[in-house]
Amino acid sequence: MDPGSILEPLNPAQRQAVSAPKRPVLVLAGAGSGKTRVLVHRVAWLISAEGIAPQSILAVTFTNKAAAEMRTRIETLIQMPTRNLWIGTFHGLAHRLLRIHWREAGLQEGFQILDSEDQQRMLRRVIKNVGVDENEYPPREVQWFINAQKDEGLRPDHIDDEGNVGRRQMIKVYAAYEDACNKAGVIDFGELLLRAHELLRDNADILGHYQRRFSHLLVDEFQDTNTIQYAWLRLLAGDSSLPFVVGDDDQSIYRWRGARVENLLRFQHHFPAVELIRLEQNYRSTANILQAANAVIANNSGRLGKELWTEGPKGDPIRVYAAFNERDEAEFVVNRTSDWAEQGNKRSEVAVLYRSNAQSRVFEEALMNARMPYRVYGGLRFFERAEIKDALAYLRLVANRNDDPSFERVVNTPTRGIGARTVDVIRQQARAAGTSLWRAAGAVVADDVLAKRARNAVWAFLDLLEKLDRDIANLALHEQVDHVVRVSGLIEHFRKQKLDRGAVKVENLEELVSAARGFVSDPDSDLPPLVDFLAHAALEAGETQAAAYEDCVQLMTLHSAKGLEFKLVFLCGLEEGLFPHQRSISDPQGLEEERRLCYVGLTRAQHQLYLSYAEQRRLYGKDNYATASRFLRELPAELTEEVRPAIQVSRPVYRHRSLEVGAPDGLDLGRRVRHRKYGEGVVINHEGSGAHARVLVNFETVGTKMLVVAYAKLELM
DNA sequence: CATACAGACATAAAC
DNA sequence: TGTCTGTATG
């Protein structure tokens, strides 16, 4: 294709990036500035204009969705299949390398991938085995610790215990866990990255091969890379490959998951010849929205610096709604969304964004009342559902008998008379002999240490698996899945469960068979399709729920909203303690990340943006009174407009039991008052009557105060 | 072995 | 306050 036409639709900065000469490139891409477009066009440019062979290009992303989108768009652009072009997630690419070089990486040939639930189950067992107190060291926390170490590229013997008993114990569990994984032939997500890094680091010939092969590395969302991912990239780039990385320090919101924004600076340091290009022209939002976002993020320090602008119109002001409580907030959102839909717009163009998942509930209730279809992001994904994981565990055992987590999972599912005691005997045997549970079970059966009934049950289980293995050896993948799901007794097991609950599970199992039927195994891999499929299930857990066909309002956290855009956005719960979240408020770094999260939220909106907060919010069964978020104060006043409910005479009254007594003279709920010392505020509740009457007032500056009416001398406003 | 109940837990979540 | 998990129980 004509190289000129690749550059033609781009703006000058995009063009500069796409056609950059042979130098490392760092693209600072603001929200909505055409980041994916630049990556896609860069690849097309390399192939069409620079004559780079597709197999010399490696492109890395963080999600499968981004990888798939990139590949499709490249193929559309260059009108060519891209078989030899490696595009994938860090984990997917690491997995690919480890499958090819499993021996050099010290892995078993049929190794399986643990997802984070599997990892936690495994850890629970290891913690018991090494005799660490489960209550003092909850598996969740140990898991967090281990993963954090792996993100940093640290093995147990690299970690300093800092003379701290707790750390020493964690390190001990980490080491034992590593051991157990190696024996079982399983590998968690962090381990994929760690091993892939070590593979290259310790095998000069392999490293040399890939360094020569990949003359061009492209990385998306570079601000989200963690330490080990960065190290891996650097190793792979060597001295001769040209890295082209795209990121935005202002949208770095995953520090808690190991992401290191500093990698942007390290990159400039390690590749001094780097060309830094800023994409600041925005194609998504109105000028008002961008100006607001710019103003908020300007409060952060140590930015690389960037200012979004648009050629488009100013647009509407940003509307701020001070809700009375969380139900009022939800009602407001629903009313405005109804108006939006009545004006002939799509509900799917509307997003309700919030800081934490617990906030979704009230919106769901309000939407349900209004009979407005909605979709909540998050929650269990297809391959994470219990019944699916049961089925996968059988398949994994067929592929690898030593897979202990899978053994534990299904040894008595469906129940077949192998109780907790029997499993304990097997576990002890495994620990004593240093073998997998499968081998231990074999030994236990042979040694005749169990009661006859238990022994027969274990025998039957071992037999079942051998039989499954034999049965499916020559079947097509979907027939294998179908066979295992039936013969294992899973289908029958769920069919017997309470009617609709079980029925859904049976349906999901059927769906798994369809997924297997539609699965296209990697044509370059000589592994059995089943092993490919199992890896796919672990690496790509699938969509949250079957995509809603209906035109739905979108509900999601700010984190899940990253990368998306909506015509109408409600950014809700802008209260101190909620957003910014209480747990980040006292830490300057944490606070800056909250601010970036706010920036991400603001920049999701294309045309209209509403910000709301509730003066009173019921959370975990308790009423909380918060002041408006500091982020609201960081918005330039000339861009905003306060919303007052149009037809409302007085503010909505939500009856509390204490309100059955009338309000003390004039001090109705929602009434604005002034106090000599505390300044202005709003009445949000009252108790008692006569001389003892007290009111709860939410003051703008000092928060909420309970005042005795007789003494407070409140002035009505 | 299915159900009931008590107790823990509640920031964000891709691979 | 509501949900989820592990365990007690009939």
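Since the structure is predicted, the reported quantities are computational estimates derived from the model, not experimental observations. In what follows, chains carry the letters A, B, and so on, assigned in the order in which the sequence lines appear, proteins first and then strands, with residues in each chain numbered from 1.
The side chain of A:Arg381 contributes an N or O atom lying less than 4.0 Å from OP1 or OP2 of B:dC15. Dashed line: the shortest gap from a side-chain N or O of A:Ser560 to OP1 or OP2 of B:dA13 is under 4.0 Å. At the phosphate of C:dG6, OP1 or OP2 sits under 4.0 Å from a side-chain N or O atom of A:Arg124. Close to B:dA13, at under 4.0 Å from its OP1 or OP2, lies a side-chain N or O of A:Thr557. OP1 or OP2 of B:dA14 has not a single side-chain nitrogen or oxygen of A:Thr63 nearer than 4.0 Å. Side-chain nitrogen and oxygen atoms of A:Asn357 include at least one within less than 4.0 Å of the OP1 or OP2 phosphate oxygen of B:dA12.
Note on A:Arg140: only backbone sugar-phosphate atoms sit closer than 4.0 angstrom, heavy atoms only; bases stay farther off. Nucleic acid contact for A:Asp115: none, since no nucleic acid atom lies under 4.0 Å from a heavy atom of the residue. Counting any heavy atom pair closer than 4.0 Å across all strands shown, A:Phe62 reaches sugar-phosphate atoms only and no base atom. Within the 4.0 angstrom heavy-atom criterion, no nucleotide atom of any strand lies near A:Asp224.
Here B:dT11 presents its P atom at 24 Å from OH of A:Tyr377, a figure rounded to the nearest Å. A:Leu353 has its CG atom 14 Å from the P atom of B:dA12, to the nearest Å. One atom, CD of A:Glu364, and another, P of C:dT3, lie 10 Å apart when rounded to the nearest Å. Rounded to whole angstrom, the span from the CG atom of A:Leu619 across to the C1' atom of C:dT3 amounts to 14 Å. The CD atom of A:Glu134 sits 13 Å away from the C1' atom of C:dT5 (whole-angstrom rounding). Atom pair A:Gln582:CD and B:dC9:P shows a separation of 19 Å (rounding to whole Å applied). The CD-P distance, from A:Gln119 to B:dC15, rounds to 16 Å in whole Å. The distance between atom CG of A:Leu192 and atom C1' of B:dA14, rounded to the nearest whole Å, is 13 Å.
Under the Watson-Crick and G-U wobble criteria, each requiring two contacts below 3.5 Å, nucleotide C:dT5 is paired to B:dA6. Pairing of B:dA12, defined by two Watson-Crick or G-U wobble distances under 3.5 Å, is not identified with any nucleotide.
Counted within 6.0 Å of CH2 on A:Trp256, heavy atoms from surrounding residues, nucleotides or ligands total more than 12; the atom is thus considered enclosed.
By the 6.0 Å and 45° rule, A:Arg99 stacks over the aromatic ring of A:Phe111. At least one test fails for A:Arg385 against the ring of A:Phe382: distance under 6.0 Å to the centre or angle within 45° of the axis.
By the criterion of a centre-to-centre distance under 5.5 Å and near-parallel planes under 30°, the ring of A:His581 forms a stack with the base of B:dT11. Ring stacking holds between A:Trp256 and B:dA12, with the centres under 5.5 Å apart and the planes within 30 degrees of each other.
Of the candidate nucleotides C:dT3, B:dA13, B:dT11, B:dT11 has the atom lying nearest to any side-chain atom of A:Arg355. For A:Trp144, the listed nucleotide lying nearest its side chain is B:dA12; candidates were B:dC15, C:dT1, B:dA12. Minimum atom distance to the side chain of A:Tyr254 is reached by B:dA13, of the listed B:dA13, B:dC15, C:dG2. Closest to the A:Tyr620 side chain, of the nucleotides B:dC15, B:dA12, C:dT1, is C:dT1. Picking from C:dT3, B:dT11, B:dC15 the nucleotide with the shortest atom distance to the side chain of A:Thr89 gives B:dC15.
Between B:dA12 and C:dT5, the distance separating the two P atoms is 15 Å to the nearest Å. Taking atom P in both C:dC4 and B:dA13, the straight-line distance is 16 Å, to the nearest Å.
Comparing A:Glu593 and A:Lys65 against DNA chain B, the residue whose closest nucleotide sits nearer the 5' end is A:Glu593. The 5' end of DNA chain B is approached more closely, in terms of each residue's nearest nucleotide, by A:Thr415 than by the other of A:Thr415 and A:His91.
A:Tyr613 and A:Phe631 have their aromatic ring centers separated by at least 6.0 angstrom.
No side-chain N or O of A:Tyr599 forms a donor-acceptor pair with one of A:Gln251 less than 3.5 Å apart.
Each of A:Arg125, A:Lys389, A:Lys128, A:Arg396 was checked for a salt bridge (Lys or Arg N to Asp or Glu O under 4.0 Å) with A:Glu408, and the lone residue meeting it is A:Arg125.
At a cut-off of 3.5 angstrom, the base of B:dA12 holds no donor-acceptor pair with the side chain of A:Arg257.
A:Gln120 contributes atom CD, which lies 11.0 Å from atom CD1 of A:Ile146 (distance to the nearest 0.5 angstrom).
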